[in-house]
Amino acid sequence: MVLGMISVDRWAEGSQVYFLTHLHADHTAGLSSRWKKGPLFCSSITAKLFSPKFPGFDLSLLRVLEIGQWYSLSLVSLWSGLETRVEVIAIDANHCPGAVMYLFRGDFGNMLYTGDFRWEVASKITEMGKNMLLSALNNHKVDTLYIDNTYCNPSYSFPSRDVAAQQVVNIINSYPEHDIIIGIDSLGKEELLLYISNTLKVKDKDQKECMQLMQIWVWPERLQTMHILGLHDNFTTKTTLTRIRAVPRYSFSIETLQGLNTMRPTIGIMPSGLPWALNKNKSSCGLPSMKTETIDLDTGNRYRNKVEKQHEYIYTVAYSDHSCFTDIVDFVKFICPTHMKGIVSSSSSYVDPCYHLRHIYGTSSLYGKYMAEEDRESGKGKCKSDERLKRKRIKQYHSSLHKSRVSLLRRFKCGVKLD
DNA sequence: GCGATCAGGT
DNA sequence: CACACCTGATCGC
């Protein structure tokens, strides 16, 4: 057993080596330009994006891991004081540029830390990840799986990002004369923007389609990120060139859209796994009605009701860089870990991130208590007191998801010290 | 004045 | 229900 040697997405003192899965802010809390607590391992894309985010960072600390390649580290066991070897391999997490999962193996067995990930069954990257994991594990079990449980709840389902991207294009095409605002973060959703840019046609002054590329406006820092990622043609910071603009999510609001609409007809599109993103504080907006209206802009029949017109000017599309529930189920079935822990403690499935996965688990000790409770109930039959007990348990479960608890846990959200 | 942390918002 | 991450308040230095 190894103690306190490795930290993943956790930047406090006390580890010999540190691993970064990707550059989103909730995974870099505690990391700064002057941080120097040890070697920092990350993917090559993350390394390229690192300097603009942490200017002045001592780059000699960075250790770039190529995807799909084993690396061997020599660490000191805090138990015995003896040298021990840990091997690690990075696998594309299909989340945002540079995002990887890490599979560690050593005296402690195999540990897989997914970071944030999207396990799209039909995706090429998922297929590659599958093959890499199969050959890396070489028939060995994953002893502990640390999994992105953001949407580990059956109520979260969304289409593949290909389908969602087409939904976004369909919305844009249904507003040919409108300006379009898309809410994005400082990293991620590049594939969506590229799809939009490459699919849409620019019209000339006679309203005829011309060969010109439909560029998308982004703010200057975001353009720099695009350039680092090797995307030079599809993006611009010149507002006059395009009717489509990607803006920071925090500046995407009903008020913003209302303001823009006083000047030009504008539609906002929020690509997010959370379709209720704008439902908060309805009354405080002073708007007469925010009735959610569902429209059918799908390409197929499988995913209905995922494009929502939330507001006169705003659509949300279930374009998610996290695994939805069925993705998670598929992944866990594939990995079959002995133990499993969620890495997102503020998720709606915080209480037991894997509660909803108990049925694909069988005898695993971690989920024994849920299985036992359920067996006990089904054994007793459905008398009134059992129904009450069941309702009480469901109520307890739901009340434990209450917001105050979530906000309390926010700051401990991501990262782990692998003991 | 600076960074780290937290609360509260989009 | 909470994505990622911004602003602003507060605290210790």
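Atom CG in A/Asp148 sits roughly 14 Å away from atom P in C/dA2 (whole-Å rounding). Regarding A/Leu257, its CG atom lies at a distance of 12 Å from the C1' atom of B/dT10, rounded to whole Å. For the pair A/Asp321 CG and C/dA2 P, the computed distance is 19 Å after rounding to whole Å. For the pair A/Gln258 CD and B/dT10 P, the interatomic distance rounds to 13 Å; values are reported in whole Å. Residue A/Phe252 contributes atom CZ, which lies 10 Å from atom C1' of B/dT10 at whole-angstrom precision. In this structure, A/Ile254 places its CD1 atom 9 Å from P of B/dT10, rounding to the nearest Å. Per the geometry, CD belonging to A/Glu221 stands 13 Å off C1' belonging to C/dC6, to the nearest Å. As rounded to whole Å, 7 Å separates atom P of C/dA4 from atom OH of A/Tyr151.
Between A/Phe19 and A/Tyr102, the distance from one ring center to the other falls under 6.0 angstrom. You'll find the ring centres of A/His322 and A/Tyr151 inside the 6.0 Å limit.
Across C/dC5, C/dC6, B/dT10, the shortest atom-to-atom separation from the side chain of A/Ser253 is found for B/dT10. Side-chain atoms of A/Arg34 lie closest to B/dA4 of the nucleotides C/dC6, B/dA4, C/dA4. Residue A/Tyr156 has its side chain nearest to C/dA2 when only B/dG3, C/dA4, C/dA2 are considered.
The closest side-chain donor-acceptor pair between A/Asp162 and A/Gln166, if any, does not fall under 3.5 angstrom.
Between A/His27 and C/dA4 there is no side-chain polar atom (N or O) within less than 4.0 angstrom of OP1 or OP2.
The shortest distance between side-chain heavy atoms of A/Phe331 and A/Thr114 falls below 4.5 Å.
Nucleic acid contact class of A/Thr256 (heavy atoms, under 4.0 Å, all strands): none.
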